[in-house]
Amino acid sequence: PLELVAAYVAFANGGNGVIPSIIAQVKTTDGKVLYRRAATGLGRVMEPGIAGAMNAMMRETFVIGTAQKGAIPGWDLAGKTGTSQEFRDAWFIGYSASLVAGVWFGNDDGTPTKR
């Protein structure tokens, strides 16, 4: 899921790749920064026009597709839902201009879910 979310960031930000990280910074209770992840990125990984076309396509997931119930009035959202063979896994990666999030659901032993 972390790698998928990182890949979708380029759609959300117009084509710039990122290197995913779990922890961005660590602060003490009084606000002193003990650790801050260095700003790293991959630079442009796709042309803005390609990112725009993907956004238009994935926006339809919320308009007429499988993520309609996840639509939030007033928010311009895009994303992709998916399942693996025999419903062993289900996932969703969604984004707005300022947030990218992913959800995975499945059984750890590889058995099918209850759909």
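Note that this is a predicted model, so its numbers are computed, not measured.
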Legend entry - Closest non-hydrogen atom pair between V45 and A10, with its separation: CG2-CB, 3.7 Å

Inset, instruction - Looking only at non-hydrogen atoms, find the nearest pair between V18 and L42 and report the distance. - result: O-CD1, 3.7 Å

Legend entry - Side-chain (D109) to main-chain (T111) donor-acceptor, under 3.5 angstrom: yes

Inset, instruction - Decide if atom CD of E86 counts as having more than 12 heavy atoms of other residues, nucleotides or ligands within a radius under 6.0 Å. - result: no

Legend entry - Exercise: identify the closest heavy-atom pair between G14 and A51: C-CB, 3.8 Å

Legend entry - Within one Ile-Leu-Val-Met-Phe-Trp-Tyr cluster: Y8 and I50, side-chain cutoff 4.5 Å: yes

Legend entry - Heavy-atom donor-acceptor pair, N107 side chain to R88 backbone, under 3.5 Å: no

All N/O donor-acceptor pairs, side-chain side in residues 90-103, below 3.5 Å, sequence neighbours left out:
from, atom 1, to, atom 2, distance (Å)
Y95, OH, N55, OD1, 2.6
S96, OG, S98, N, 3.2
S96, OG, L99, N, 3.3

Legend entry - Cluster overlap F62 with M58, hydrophobic side-chain contacts below 4.5 Å: no

Legend entry - Polar side-chain atom of T61 near backbone of G79 as donor-acceptor pair, under 3.5 Å: yes

Legend entry - Spacing of CZ belonging to F11 relative to CZ belonging to R59, to within rounding of 0.5 Å: 13.0 Å

Inset, instruction - Going by the side-chain contact (heavy atoms from CB on, under 4.5 Å) test, name the single residue among I19, V26, I22 that passes it with R37. - result: I19

Legend entry - Closest heavy-atom pair and its distance - D89, G106: OD1-CA, 4.4 Å

Inset, instruction - Please check if atom CG in D108 has more than 12 non-hydrogen atoms from other residues, nucleotides or ligands closer than 6.0 Å. - result: no

Legend entry - Other residues, nucleotides, ligands: >12 heavy atoms within 6.0 Å of W75 CH2: no

Inset, instruction - Could you work out the complete set of other residues in the hydrophobic cluster of V63, with links drawn between I, L, V, M, F, W and Y side chains under 4.5 Å apart? - result: I64

Inset, instruction - Search all heavy atoms of A71 against all heavy atoms of P73 and return the closest pair with its distance. - result: O-CD, 4.0 Å

Inset, instruction - Please say whether more than 12 non-hydrogen atoms of neighbouring residues, nucleotides or ligands are located less than 6.0 Å from CD in Q25. - result: yes

Inset, instruction - Might you confirm whether atom CD1 of I23 has over 12 heavy atoms from other residues, nucleotides or ligands at distances under 6.0 Å? - result: no

